[in-house]
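The first residue of the sequence shown is numbered 1, and numbering continues consecutively from there. As the structure is a prediction and not an experimental result, all values here were calculated from the model.
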Amino acid sequence: MAAVAVATRWWLLLMLSAAELGVAPAPQPPNILLLLMDDMGWGDLGVYGEPSRETPNLDQMAAQGMLFPNFYTANPLCSPSYTPQEIVGGIPDSELLLPALLKGAGYASKIVGKWHLGHRPQFHPLKHGFDEWFGSPNCHFGPYDNKARPNIPVYRDQEMVGRFYEEFPINLKTGEANLTQIYLQEALEFIQRQQAAHRPFFLYWAVDATHAPVYASKPFLGTSQRGRYGDAIRELDDSVGRILRLLRDLGIAENTFVFFTSDNGAALISAPRQGGSNGPFLCGKQTTFEGGMREPAIAWWPGHIPAGQVSHQLGSIMDLFTTSLSLAGLEPPRDRAIDGLDLLPAMLQGHLTDRPIFYYRGNTLMAVTLGLYKAHFWTWTNSWEEFKQGIDFCPGQNVSGVTTHSQEEHTKLPLIFHLGRDPGERFPLSIASIEYLDALRRITPVVQQHQEALVPGQPQLNVCNRAVMNWAPPGCEKLGKCLTPPESVPEKCSWPH
């Protein structure tokens with residue numbers, strides 16, 4: 001935090017000095033927009049294959065910016081863990097979030113969409129650095145009967161303004177919902193307001209139309225060859241296009257960094273009607289195969305990031321924290337380990353950094369990628385019990401000895417794949433080959449160093465209690481929407497995935 005305080009004082013002194021001298025103040029740091037989709041797969045963008053009528057705006061964004069084909073999530077789920085309403089915990093106060101740190105450089109910040117780091121008031125965005133919020137603390141599951149389980153609330157800042165399936169309807173039969181349009185207007189209005197105030201801003205646009213049950217507004221329903229999921233993709237693509245056009249119309253495109261990605265791979269469990277495409281990659285959401293972890297990713301910053309470039313830098317969604325601080329002229333906190341890299345050297349100068357990508361499922365290190373080689377220490381899709389019930393994380397993609405339904409250990413002799421030749425993880429290298437031994441020799445010390453440096457965290461999501469669900473959120477009394485909670489019975493949560 002000391003670095004943040006110093007940056008704040010430096011910025012204020014610079015502005016004061018410029019005003020006193022009668023000269024124009026120094027340019028403000030760039031605005032930062034992080035556009036995070038929900039369950040959108042690597043193969044959902046035309047730019048990763050042939051240009052598509054489904055995503056013309058995202059294809060154009062990539063043509064004007066930089067494409068990252070090797071970009072990964074930190075976890076193959078929508079949040080640090082699966083977080084239903086029963087969860088008691090959330091993001092702890094000890095964690096320093098990006099909007100709180102960006103205040104040190106004078107940024108205004110807003111989150112639009114899904115928060116998913118704790119639904120109880122003490123965990124909400126405005127308690128952790130954001131200035132504004134419009135969205136929900138959980139996914140748009142439902143509808144519920146408000147007796148056994150309440151419908152999810154929608155918030156404006158610190159108070160609810162309604163609930164999904166009530167004030168914010170989603171028609172499960174037709175897929176019609178106006179939520180993406182509402183989220184778009186929130187983003188456009190925030191950008192316009194901050195530009196008028198000449199204040200740098202951070203916008204986190206975390207929309208969830210592509211998370212089952214998928215939805216789209218009426219003008220987009222029935223417009224895609226891919227069905228309802230494609231309708232949602234088309235509306236999100238149109239929304240991104242409108243955001244980028246506004247930046248250009250306001251004359252701030254060259255001072256605005258925009259990054260587009262997704263939280264995890266497409267949920268093949270919901271495919272084909274309610275799920276997307278992971279392109280050539282194996283399996284999907286909830287697994288640590290490439291289809292669950294590798295994401296679409298585009299960086300856009302006209303006049304700074306060269307247009308039409310492809311970076312083969314291995315990137316992680318965790319890098320956006322460090323990169324955003326670098327954009328703002330701030331140093332990352334030094335009192336803790338920071339996992340993310342600053343991607344600006346890759347974006348601005350084309351410099352590539354050799355770094356590993358670790359694949360976790362819960363507390364278990366399942367795999368690691370270093371260069372073009374990926375080593376699996378454990379393989380698992382989901383349990384035989386779930387699979388026999390029709391729950392399939394890898395439909396149509398059975399790979400013998402790889403897509404296992406029991407948790408198979410390979411820590412002594414990991415399965416190693418060359419992701420350049422075999423992005424679908426179908427042909428493990430022979431353990432007797434020189435190539436396998438050379439790859440293992442490089443990977444082993446990297447994993448040992450990583451595991452030796454790990455500091456165990458305190459579990460935050462291991463206690464459940466039906467009494468803490470969204471029965472009576474702040475602001476419910478003004479709307480007459482408060483519900484009576486059941487008796488408080490805390491119990492340990494069990495997470496099968």
Closest non-hydrogen atom pair between [X] and [Y], with its separation:
{"X": "Ala467", "Y": "Pro486", "answer": "CB-O, 3.5 Å"}
{"X": "Pro76", "Y": "Thr288", "answer": "CG-CG2, 4.3 Å"}
{"X": "His198", "Y": "Gln28", "answer": "O-OE1, 2.9 Å"}

What about the rings of [X] and [Y], do their centers lie closer together than 6.0 Å?
{"X": "Tyr359", "Y": "Phe289", "result": "no"}
{"X": "Phe358", "Y": "Tyr72", "result": "no"}
{"X": "Phe260", "Y": "Trp300", "result": "no"}

Side chain to side chain contact (heavy atoms under 4.5 Å, CB included) between Arg336 and Ile338: does it pass, once the steps are laid out? CA-CA 6 Å; Arg336 64 200 67 204; Ile338 302 295; 3.9 Å; yes
Can you find a pair of side-chain heavy atoms, one from [X] and one from [Y], that are under 4.5 Å apart?
{"X": "Asp392", "Y": "Ile269", "answer": "no"}
{"X": "Ile191", "Y": "Phe201", "answer": "yes"}
{"X": "Ile233", "Y": "Ser224", "answer": "no"}
{"X": "Lys481", "Y": "Met160", "answer": "yes"}
{"X": "Lys127", "Y": "Pro121", "answer": "no"}
{"X": "Ile298", "Y": "Leu45", "answer": "yes"}
{"X": "Ile91", "Y": "His128", "answer": "yes"}
{"X": "Trp471", "Y": "Cys482", "answer": "no"}

Given Phe190 and Gln185, is the side chain to side chain contact (heavy atoms under 4.5 Å, CB included) satisfied, shown in steps? CA-CA 8 Å; Phe190 177 75; Gln185 292 305 316; over 6 Å; no
Assess whether atom [atom1] of [X] is packed by more than 12 heavy atoms of other residues, nucleotides or ligands within 6.0 Å.
{"X": "Gln349", "atom1": "CD", "result": "yes"}
{"X": "Gln192", "atom1": "CD", "result": "yes"}
{"X": "Arg273", "atom1": "CZ", "result": "no"}

Backbone of [Y] reached by a side-chain donor or acceptor of [X] within 3.5 Å:
{"X": "Asn31", "Y": "Thr256", "answer": "no"}
{"X": "Arg228", "Y": "Val214", "answer": "no"}
{"X": "Arg163", "Y": "Ile152", "answer": "no"}
{"X": "Asn151", "Y": "Tyr144", "answer": "yes"}
{"X": "Trp115", "Y": "Phe123", "answer": "yes"}
{"X": "Thr287", "Y": "Gly284", "answer": "yes"}
{"X": "Thr261", "Y": "Pro296", "answer": "yes"}
{"X": "Ser109", "Y": "Pro99", "answer": "no"}
{"X": "Asp237", "Y": "Asn57", "answer": "yes"}
{"X": "Arg361", "Y": "Gln286", "answer": "yes"}

Quick test of your reading: applying salt bridge (charged side-chain N to carboxylate O under 4.0 Å, His left out), list the pairs with at least one residue in [range], sequence neighbours left out, ordered by first then second residue.
{"range": "residues 208-227", "value": "Asp44-Arg226"}
{"range": "residues 338-351", "value": "none"}
{"range": "residues 279-304", "value": "Asp39-Lys285, Glu290-Arg294, Glu290-Lys374"}
{"range": "residues 306-330", "value": "Asp319-Arg355"}

Taking only residues at least two apart or on different chains, which pairs with a member in [range] satisfy disulfide (SG to SG under 2.5 Å)?
{"range": "residues 185-260", "answer": "none"}
{"range": "residues 136-177", "answer": "none"}
{"range": "residues 272-330", "answer": "Cys283-Cys394"}

Give me the ring orientation class for Tyr204 and Phe202: parallel if the planes are under 30° apart, tilted from 30 to 60°, perpendicular past 60°.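 The rings of Tyr204 and Phe202 lie parallel, inter-plane angle below 30°.
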Evaluate the side chain to side chain contact (heavy atoms under 4.5 Å, CB included) criterion for residues His119 and Val468: first the C-alpha distance (whole Å), next the side-chain angles of each, then the deciding distance (0.1 Å), finally the verdict. CA-CA 9 Å; His119 66 277; Val468 305; 4.2 Å; yes
Out of Glu186, Glu132, Glu167, which residue meets the salt bridge (Lys or Arg N to Asp or Glu O under 4.0 Å) rule with Arg156?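 Output: one option passes, namely Glu186.
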Find the distance between [atom1] ([X]) and [atom2] ([Y]) and round it off to the nearest 0.5 Å.
{"X": "Asn264", "Y": "Leu77", "atom1": "CG", "atom2": "CG", "result": "6.5 Å"}
{"X": "Trp42", "Y": "Asn70", "atom1": "CH2", "atom2": "CG", "result": "8.5 Å"}
{"X": "Phe71", "Y": "Leu314", "atom1": "CZ", "atom2": "CG", "result": "11.0 Å"}
{"X": "Asn178", "Y": "Leu184", "atom1": "CG", "atom2": "CG", "result": "10.0 Å"}
{"X": "Thr180", "Y": "Asp238", "atom1": "OG1", "atom2": "CG", "result": "10.5 Å"}

Kindly indicate, with the supporting measurements, whether the criterion side chain to side chain donor-acceptor pair (under 3.5 Å) is fulfilled by Asn146 and Glu166. CA-CA 11 Å; Asn146 284 335; Glu166 297 175 25; 2.8 Å; yes
Show, in sequence, the C-alpha distance, side-chain angles and deciding distance for Ile357 and Ser316, and conclude whether the side chain to side chain contact (heavy atoms under 4.5 Å, CB included) test is met. CA-CA 7 Å; Ile357 295 291; Ser316 165; 4.2 Å; yes
Who are the ring pair (Phe, Tyr, Trp, His ring centres under 6.0 Å) partners of Phe257, not counting sequence neighbours?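 Residues passing ring pair (Phe, Tyr, Trp, His ring centres under 6.0 Å) with Phe257: none at all.
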Contacts under 3.5 angstrom, residues 239-252 side chains, donor-acceptor by atom type, not counting sequence neighbours:
| from | atom 1 | to | atom 2 | distance (Å) |
| --- | --- | --- | --- | --- |
| Ser239 | OG | Glu235 | O | 2.9 |
| Arg248 | NH2 | Gln64 | OE1 | 3.4 |

Could you give all pairs that pass the ring-ring contact (aromatic ring centres under 6.0 Å, His included) test and reach residues 213-235, with sequence neighbours left out?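 ring-ring contact (aromatic ring centres under 6.0 Å, His included) check on residues 213-235 returns His140-Tyr215.
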Any ring-ring contact (aromatic ring centres under 6.0 Å, His included) pairs touching residues 153-188, not counting sequence neighbours?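 As it turns out, the ring-ring contact (aromatic ring centres under 6.0 Å, His included) pairs with a partner in residues 153-188, which skip direct neighbours, are His124-Tyr155, Trp133-Tyr155.
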Scan residues 85-97 for pairs that pass side chain to side chain donor-acceptor pair (under 3.5 Å), counting only residues two or more places apart or in two chains.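 Found Gln85-Asn470, Glu86-Arg149.
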